[in-house]
Each structure stands twice: as structure tokens, then as C-alpha cells.
Amino acid sequence: MTPKEVRVRIAPSPTGYLHVGTGRMAIANYLLARHAGGKFLVRVEDTDKERSKAELIEPILEALKWLGLEWDEDILYQSKRIDHYRKFSTQMIESGHAYRCFCSPELLTADREKAKAEKGPMRYNRRCLSLSDDEVKNKLDAGEKFATRIRMPEGATTYNDLVSGDITRQNEEIEDFIIARSDGSATYNLAVVIDDHDMRISHVIRGNDHITNTFKQIHIYKALGWELPIFGHVPLILRPDKKKVSKRLGDKDVSEYRNEGILPDAMFNYLSLLGWSPKTDREIYSPKELIEIFDETHFNAANAVFDEEKLEAFNREHIQLMSDHDIAATLAPMLVEADLTTKYWLETRWEYLRDVVTLLKPRARRLSDFIELSSYFFLAPVEYDEKGRAKQFVPETIPILEGLAERFEGLNEFTLESTEKALADEAEKLEIKKGKLIHPTRLAVSGISQGPGLYDILATLGQETVVERIRKTIEVIKKVTA
RNA sequence: GACCCCUUCGUCUAGUGGCCUAGGACACUGCCCUUUCACGGCGGCGACACGGGUUCGAGUCCCGUAGGGGUCGCCA
């Protein structure tokens with residue numbers, strides 16, 4: 001027998017955007033598929049008429065694509081298969097694995113409330129299981145609506161979980177849950193089993209919040225006489241307050257991280273290592289490397305807290321891994337968007353942009369940091385920072401800057417070396433330390449008191465801009481100290 | 001409440017009976033580098049939830065307790 005093809009799926013329901021928990025699940029499945037040379041599929045579970053929103057499907061798919069998760073084969077939409085599901089609940093009634101339940105939703109709610117108040121089991125009391133054939137026939141003839149319930153067998157069920165090993169549950173702990181609504185449409189668990197079977201899913205990898213569903217689904221598989229897939233319940237991603245991430249609690253969806261300057265590879269990398277370990281000391285990997293080293297036995301069983309700070313650290317590493325050219329390319333539209341420059345201006349100054357990237361790269365943790373840190377490379381400072389003003393906006397600074405402006409203006413070539421020498425010469429002439437010149441100059445050309453090395457800034461900015469900005473700053477200082 | 005899962009530094013994790021005076025990463029922090037800010041380098045802080053067993057020996061196996069999480073819809 002040839003080994004079964006690995007076929008896995010991610011099954012989002014369009015009731016919200018793609019949050020990191022679902023993203024992490026998608027990555028786990030994707031990694032398993034790609035590592036094994038199998039197929040990664042997407043199924044949209046959009047059968048909830050009330051909560052599903054068609055307009056949410058596209059953003060979810062976009063987020064998956066952004067993470068680099070390309071799926072194989074066509075997307076399966078559950079909403080298009082509703083009629084297909086119907087016959088299976090009927091089949092289960094006929095085979096004796098399910099029965100009709102005429103209890104009204106109101107009655108069931110009352111049952112539940114009573115059970116809760118009496119602290120009894122919150123399971124269906126099987127009222128309709130004992131209905132005789134005649135009673136059923138009479139109700140049917142009277143046009144009474146019925147939902148279809150699975151008839152749970154005696155005994156216990158054990159399955160081997162890829163992550164947690166053997167898990168056992170007494171069947172009596174599981175109620176005769178509804179597999180088809182009174183309109184005949186399949187509920188979640190039935191639909192999932194049918195789909196996973198039809199899609200020939202080999203591994204069902206999902207969050208451990210689905211373990212109870214797995215037991216229910218196993219009974220459906222058995223009733224239908226189908227072979228079980230391998231189940232793996234990976235740990236959940238928790239918020240810092242240890243609750244599972246959810247849109248309802250205001251957690252960010254994946255696209256928000258994108259907007260905040262997180263790289264898809266960094267997110268992919270970080271999410272991969274949540275609840276899974278390469279079992280080495282190395283943490284930074286490209287998606288390609290993660291596919292290579294993936295091992296489905298390395299999942300952890302304990303839930304993991306999502307730490308945005310560590311995500312940011314991963315992002316920093318991935319930024320350093322990117323070439324200056326690639327960073328410049330992704331940054332260009334962002335700079336235009338931020339009104340720092342124009343597309344037209346950038347077209348002829350590619351090298352300039354790349355130089356700016358080189359200088360700022362070690363200081364960036366997010367792509368957006370480049371925007372914040374680079375403004376003075378595109379626009380003359382209109383404001384000067386607090387610290388700089390306090391220290392440099394004094395009358396003594398004026399002659400220093402004037403002398404420097406003159407020297408810089410007289411330079412034949414404006415390089416790292418020539419600007420450094422000019423500043424050193426001026427310092428020597430004034431008999432003061434270079435620092436006395438460096439700081440006011442930095443403030444004059446950038447408006448802030450920190451950043452790349454001064455000579456790097458000067459050489460990048462260019463002679464004309466530097467002289468102009470120093471002179472302008474002199475005027476500002478004169479005005480405020482007058 | 002019932003059931004299921006889980007429990008190593010604040011967080012993510014390594015550790016599969018002796019290699020553990022428990023390793024790495026993020027965060028925090030000291031020093032060095034740098035007349036700025038980062039980066040980098042070298043240090044520091046900091047954990048086996050608790051209690052019983054099993055064993056010559058337990059973070060590693062077993063049991064119990066506590067704690068955390070999840071599930072208990074004609075939602076998915």
C-alpha cells in the first residue's frame with residue numbers, strides 16, 4: 001500500500017477577520033502539507049445564515065495570501081453544498097444511528113436551564129428516543145417539525161491525537177447532539193465530516209478547543225462507515241490575560257499587523273514557533289526553511305501566550321535579512337502615502353532611497369519605523385526636538401554653525417571623509433571638542449538628537465541641502481534667542 | 001457544575017531517568033563599543049506549581065492536590 005497523500009485544510013468561517021489564532025492554524029496545516037509534498041486546501045464554512053458575511057471572505061483569503069499561504073485546488077464553500085449534506089442525516093436515521101427529535105427549541109432551552117439550576121448534566125435527556133414508531137408517524141403526519149439527533153452508542157471512545165496521544169471519553173458524556181436542523185440542513189459537525197471525507201482530508205489539524213467536537217465527529221464517521229483521518233489538536237494562542245484570542249475581545253486581525261509594518265515572513269516565523277518547536281536554539285527561519293525542518297511530532301501540548309514584543313523582535317530580524325533593495329521597493333509607496341515624497345521624485349533617486357534604507361535598517365523594528373525615522377531625508381525639519389532645543393538653541397551655537405556652514409560650502413567634494421575633516425578642522429580652529437560641533441549640526445540638518453552617524457547623514461543629504469538647513473537653523477536660533 | 005486538555009524563567013521554549021549547579025530567545029538590566037540613537041560584544045536577573053510515591057538516581061515515570069485553559073447551541 002502506498003502511503004496516503006497528505007491532504008489538509010484550513011476552514012475559516014466568515015464571521016470575522018482572520019485573527020492570529022486562525023492564522024497560526026493555517027500555517028500549521030500549510031507546513032505539514034508542504035513538508036510532506038501534500039495538498040493544502042481552504043474550505044469556507046459559511047453556513048451560519050445569521051453571522052456569516054460574504055464580504056468577509058475576501059479579506060480572510062487576502063490575509064492567507066499575505067502570509068504566503070497559497071492553497072491548492074478550488075476553495076470549497078459549504079453554503080454551496082447544503083443540499084448535498086441532507087441525505088446523510090436521513091441515511092443515519094434509516095440505519096438506526098440517528099433519530100428524529102420533536103422537542104422545540106424552547107423546550108430544550110428550558111431543559112438546559114433546569115439542568116443548570118439543579119447542577120445536573122447539561123445533556124439532552126433523550127425524550128424523543130423512546131418515541132414509538134406509531135408516535136413518530138403520528139407527529140410526522142401532523143406536520144410536526146423535527147431535528148435529527150445522533151444516537152450515541154454505549155461505551156467509551158479513544159483516539160490517538162497527534163499532539164496529546166490517546167484521549168478517551170465516555171460516550172455517555174456526549175449527548176445525542178443534533179446533526180440536522182428542523183429544516184433538514186446539516187449542522188456543523190455533520191457538514192465537517194462529510195466535507196473532510198469528500199475532500200479526502202488525511203490530517204485534521206486544528207485548535208484544541210475542538211477536541212470535544214472530534215469525539216462527536218468520530219461517531220459520525222463510524223455511523224457513516226468512513227475511515228477516520230488523523231486528528232491533531234494543537235495548542236491555542238492565548239492573549240496575555242490567558243484568554244483565547246477572539247475578535248470579540250478586541251484582538252487584532254492579521255491585516256492590522258500588516259498595516260503596522262510587520263513583515264509576513266516574520267509573522268509566519270513567529271506564529272510557527274508558537275506551540276511548536278524546531279528543537280534547536282535557532283529561532284529565525286524563512287518560510288522555506290520552516291517547511292524543510294517541519295516535523296508534526298514537535299507540537300507542544302500547552303497553550304501559548306501571544307507576545308507582540310517578541311513578534312516585533314522577530315520582525316526586526318527579518319528586516320535585517322531583507323536586502324536594502326527589497327526594503328526600498330516596499331517602502332517607496334509607503335513614503336508617498338505618508339506625504340514625505342512623491343513617486344516622481346523617487347523615480348530618479350533610487351540610490352538615494354537605498355542609502356537611506358542602509359542607514360536606518362539597524363534601527364527599524366517595523367517597516368513603519370522607516371517612515372518615522374526618515375522624514376528629514378525628504379523634508380527639511382520644521383521643528384526641532386525638545387532635547388536639542390534645550391541644549392543647542394543658545395547664542396554660542398550661532399558662530400559654530402556659521403563657521404561650519406562656510407566650510408561645508410567651500411568643500412569640493414562632499415563625502416564621509418571630507419565632511420568629517422571639515423568638522424575636525426573647525427573644532428581645532430575653535431579649540432573645542434568635536435562633540436560641540438556634531439550635536440548642533442545633527443540638530444540643524446535633522447531636527448532630532450539621535451539617528452545614524454552624522455557624517456553618514458551629511459554625505460547622504462548632500463552639500464546643498466546641508467548648508468541650506470544649517471543656515472536656516474541659524475536664523476531660527478537667532479529668532480528665539482533674540 | 002460535568003467532561004477533556006495542560007502545568008520548566010514575566011513570555012515563547014530546550015530538556016524523553018544520570019551529560020541539569022536546567023540551555024536558548026524576547027523583555028528587563030550592568031559594562032564595553034559609539035562624543036547621538038540604534039546595532040553588536042560580554043555579563044546579570046530569572047523557572048522545573050505543590051505533595052506523595054517508583055528508582056541507586058526524577059524537571060524527566062506514577063498517583064493525588066492546586067492552578068490555568070477549553071467544551072458543554074437546531075453557532076461554526
Side-chain angles (χ1 to χ4, degrees), chain A residues 11-15 45-52 78 101 103-105 108-109 112 115-123 145-149 161 163-165 167-170 172-175 177-189 191-192 207-216 233 235-236 238 240 242-244 270 273-284 300-314 316-317 320 359-365 369 373 387-388 433-439 442-443 446 448-454 457:
Chain A
S13 57
T15 54
E45 308 205 324
D46 52 353
T47 53
D48 184 339
K49 295 180 214 89
E50 263 92 72
R51 297 197 306 152
S52 284
Q78 286 194 326
C101 173
C103 300
S104 68
L108 294 171
T109 306
R112 261 193 297 275
K116 200 169 189 177
E118 292 171 358
K119 297 197 188 299
M122 306 247 290
R123 277 173 254 128
K145 294 254 180 212
F146 67 89
T148 308
R149 286 185 185 273
D161 194 276
V163 177
S164 297
I167 304 180
T168 301
R169 201 168 178 206
Q170 298 301 314
E172 63 179 18
E173 297 293 343
I174 308 167
E175 69 170 351
F177 60 95
I178 292 174
I179 56 172
R181 304 179 185 92
S182 47
D183 63 2
S185 65
T187 56
Y188 171 73
N189 283 301
V192 165
N208 66 26
D209 52 342
H210 279 285
I211 291 178
T212 50
N213 280 327
T214 295
F215 282 100
K216 291 180 177 179
H233 291 85
L236 259 24
L238 269 25
K242 309 264 181 165
K243 297 284 177 219
K244 77 167 179 172
Y270 178 67
L273 266 53
L274 232 38
W276 182 86
S277 169
K279 310 273 186 192
T280 65
D281 280 348
R282 186 176 159 197
E283 290 193 316
I284 303 300
N300 227 90
N303 293 168
V305 173
F306 186 87
D307 181 6
E308 199 164 314
E309 211 148 8
K310 183 142 184 172
L311 198 218
E312 199 174 57
F314 269 56
R316 200 194 79 77
E317 298 286 348
Q320 306 315 311
L359 295 184
L360 263 18
K361 198 157 108 170
R363 291 163 178 78
R365 290 174 71 88
D369 289 344
L373 299 172
K387 187 184 160 199
K433 286 197 213 160
K434 287 200 287 185
K436 284 275 181 197
L437 303 183
I438 290 173
H439 299 304
R442 168 188 298 285
L443 187 70
S446 75
I448 54 176
S449 306
Q450 48 180 263
L454 177 66
I457 296 178

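Atom set for the values below is all heavy atoms of this structure, side chains included, hydrogens, waters and symmetry mates excluded. Residue numbers start from 1 in every chain, and the chains themselves are labelled A, B, ... in the order their sequence lines are given, proteins ahead of strands.
Residue A:I284 contributes atom CD1, which lies 14 Å from atom C1' of B:U13 at whole-angstrom precision. Atom CZ of A:R363 and atom C1' of B:G40 are 12 Å apart (whole Å). In this structure, the CG atom of A:N300 is 12 Å from the C1' atom of B:G15, given to the nearest Å. Going from atom NZ of A:K310 over to atom P of B:C28 covers 13 Å, rounded to whole Å. Look at NE2 on A:H439: it is 11 Å from C1' on B:U34, rounded to the nearest Å. Spacing between atom CZ of A:F314 and atom P of B:A27 amounts to 11 Å, rounded to whole angstrom units. When rounded to the nearest whole Å, the span between CD of A:Q450 and C1' of B:A38 equals 8 Å. Rounded to an integer number of Å, the gap from CD of A:E312 to C1' of B:A38 is 13 Å.
With C1' as the reference atom, B:U16 and B:C75 are 41 Å apart, rounded to whole Å. One P atom belongs to B:A22, the other to B:C5, and the distance between them is 32 Å to the nearest Å. Separation of the C1' atoms belonging to B:G59 and B:U54 is 16 Å when rounded to the nearest angstrom. Nucleotides B:A47 and B:U21 have their C1' atoms positioned 15 Å apart, rounded to a whole Å. Separating the P atom of B:C32 from that of B:G69 is a span of 45 Å, rounded to the nearest Å. Of the C1' atoms belonging to B:G46 and B:A27, the separation is 11 Å, rounded to the nearest Å. Using atom P as the reference point in both B:C48 and B:U11, the two lie 12 Å apart (nearest Å). Separation of the P atoms belonging to B:G67 and B:G51 is 16 Å when rounded to the nearest angstrom.
Nucleic acid contact for A:P235: none, since no nucleic acid atom lies under 4.0 Å from a heavy atom of the residue. Residue A:I438 is classed as a base contact, given a heavy-atom separation below 4.0 Å to a base. When heavy atoms are screened at a 4.0 angstrom cut-off, A:T168 is found touching the sugar-phosphate backbone but no base atom.
Listed here is the closest heavy atom pair of A:F306 and A:Y270: CE1-CE2, 3.5 Å. Scanning both residues, A:H233 and A:N208, for their nearest heavy atoms gives CB-CA, 3.7 Å.
Using N1 to N3 plus N6-O4 or O6-N4 for Watson-Crick, or N1-O2 and O6-N3 for G-U wobble, each under 3.5 Å, B:C26 pairs with B:G10. Under the Watson-Crick or G-U wobble criterion, with both distances below 3.5 Å, B:G64 is paired with B:C50. Pair check for B:C3 finds B:G70; Watson-Crick or G-U wobble, both atom distances under 3.5 Å. Across all strands shown, nothing is found opposite B:C20 as a Watson-Crick or G-U wobble partner with both distances under 3.5 Å. Of the nucleotides present, none pairs with B:A58 by Watson-Crick or G-U wobble criteria with both distances under 3.5 Å.
At a cut-off of 3.5 angstrom, counting only N and O atoms as typed in the model, there is no donor on one side facing an acceptor on the other between the side-chain of A:K279 and the base of B:A14.
Comparing A:E173 and A:R316 by the nucleotide of RNA chain B whose heavy atom lies nearest to each, the residue mapping closer to the 5' end is A:E173. Ranked by how close their nearest RNA chain B nucleotide is to the 5' end, A:V305 and A:G453 are led by A:V305.
A:S185 and A:R181 are linked by a side-chain donor-acceptor pair at a separation below 3.5 angstrom, with hydrogens and angles left out of the test.
Classification of A:R365 and A:E309 as a salt-bridged pair fails, no side-chain N sitting under 4.0 Å from a carboxylate O. Between A:K244 and A:D209, at least one side-chain nitrogen of the basic residue sits less than 4.0 Å from a carboxylate oxygen of the acidic one, meeting the salt-bridge criterion. Salt bridge status for A:E173 with A:R123: present, with a side-chain N to carboxylate O gap under 4.0 Å.
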Review point. Using a cut-off of 4.0 Å between protein heavy atoms and nucleotide atoms, how would you tag nucleotides 67-76 of chain B 5' to 3' with B, S and -?
Key: --SSSSSBBB
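For A:K433, the side-chain atoms get nearest to B:U35 when compared with the rest of B:U35, B:U36, B:A14.
Partners of A:K49 according to the salt bridge (Lys or Arg N to Asp or Glu O under 4.0 Å) rule, which considers only residues two or more places apart in sequence or in another chain, are A:D183.
Here A:K116 does not reach the OP1 or OP2 of B:G1: none of its side-chain N or O atoms lies under 4.0 Å away. The shortest distance between the side-chain N/O atoms of A:T280 and the OP1/OP2 oxygens of B:G24 is not below 4.0 Å.
Here CZ of A:R149 is found 10.5 Å from CZ of A:F177. Values are rounded to the nearest 0.5 Å. The OG1 atom of A:T214 lies 8.5 Å from the CG atom of A:N189; values are rounded to the nearest 0.5 Å.
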